[in-house]
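Keep in mind the model is a prediction, meaning the values are calculated, not measured.
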Amino acid sequence: MGELTRFEQVRQEQRKWQRRRRQRLFVLCLLVIVAVLIVSGTFAGVEPVGFVTDIVAANRSGDGFPTQWSGGVIQEMYRMGGSLGVVGTNHLTLYNPNGRAVLSAQHGFGNPLARSNGRYLLTFDRGGFGMRLDTLSGNEATYKMDDQILTADLAQNGLCCVATTTPDFLGQVTVFDRQMEKSLFTWKTSEMYINALAIANDGEHIAVAGLNGEGGQLISYIYLYQVAGQGETPDGKVSLPGEMVISCVFNAKRELQVITDKQALLLSPAGDVVRAVDFEGVPPTRFVNDDSGRVAVLQGDYRDRGGYVLTMMTNGLKTVERTQIPSLVEGMKIEGKKLYLLYDGGLGVYNDKLEPSGVLEHYEGYLFQPSGRYVYGLEEGAIVRRSLSGMV
């Protein structure tokens, strides 16, 4: 009996030692990661302490998935590294990979929309006045605009760019710091109604798109500015008669990927048209304009002969692949080098050549968010995580 007790004591000591060893190893890894990122300049204005607390929050224990959702109708899901941001009509919640809700808040917005860049989640009230910036470790800032918000965008370093109405002009654009305490850039326009906005990942360049009428014809404009220039002189201006800009995104080269109702464009930082892909008179039904340099466009109707036409543009719009999709598509996203299509009863995964990598059968959700080897979704009132093994 004494031998057994002694044996158990030894095992307990070994488990304690192994636990302390894992904890020390985890802390050491964090310190190494932070040191490497600081030396490489990755933080570029992002505080290392906040980065570390996010990693700690992402690794907190939880009960796993599925987990019940009670924050109203979900508007959208967003990837935050390996974690998940969920914005509903009442609440926003950030879940880590272990299924733990590391942040949950009632946003109070009437029409909540959000932007995510991996670490930060910017949630704003379109048509309202409020916006907030969150990470896994907590709320970074909240702000109430004086005028109604039209749209907003988010840089990787947490700078926020927001377009609003204004009493004396047709629209105004403001770039805020991460704390939303300081305006870094302000620009007003009497020329156009703003309907699209983009800020580069480094927070140093913005693009503003809008539309107006001229001589009885619709015309869209795109302005390119440096944030440090305070909106005095644009780097470039593009006019698009007879077109409406519906999306613009900066890629890693600071080129602007633009989708209109008639074509996809790639603009240089000076506003020159580098490349264009015509939609041949068929406007997009759905699209994804991703800052990885990938643009996917769905055209037509699944009831047409052959179904939708799906086009994937990569490599600065140089490479164009097309295929037909005969099923009703209810969602489309790009993550990494994969395109995901949600259609009746399944989630299809495609590569850049639009070759199918696999199908997740019996997927019953109407929302989804890929994240590495998994996909998050909503099924029967619960947030689930399902494996994409063999498809990514």
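- D352 and T314 form no side-chain donor-acceptor contact under 3.5 Å, judged by distance and modelled atom types alone.
- Applying the side chain to side chain donor-acceptor pair (under 3.5 Å) test to every pair with at least one member in residues 238-255, sequence neighbours left out, gives these pairs: D202-R254, E204-R254, E243-T260, E243-Q263, S247-N289, N251-E255.
- Within the 4.5 Å cutoff, the side chain of V282 has no heavy atoms near those of the V309 side chain.
- The only member of L122, V162, L159, T142 that meets side-chain contact (heavy atoms from CB on, under 4.5 Å) when paired with M180 is L122.
- Among residues at least two apart or in separate chains, ring-ring contact (aromatic ring centres under 6.0 Å, His included) pairs with a member in residues 98-118 are H107-F109.
- Classification of the Y223-Y221 ring pair by plane angle, with boundaries at 30° and 60°, yields tilted.
- Checked against side-chain contact (heavy atoms from CB on, under 4.5 Å), F65 has the following partners two or more places apart in sequence or in another chain: T67, Y95, Y376, I383, R385.
- No side-chain donor from either of T166 and K188 sits under 3.5 Å from a side-chain acceptor of the other.
- For residues 273-282, no pair satisfies side chain to side chain donor-acceptor pair (under 3.5 Å), with sequence neighbours left out.
- The distance from atom CE of M312 to atom CD of E355, rounded to the nearest 0.5 Å, is 11.5 Å.
- Residues satisfying the ring-ring contact (aromatic ring centres under 6.0 Å, His included) criterion with F124, sequence neighbours excluded, are absent altogether.
- Among residue pairs with one or both ends in residues 80-91, none qualify as side chain to side chain donor-acceptor pair (under 3.5 Å); sequence neighbours excluded.
- Put simply, the side chain of P370 does not reach to within 4.5 Å of the side chain of K338, judged on heavy atoms.
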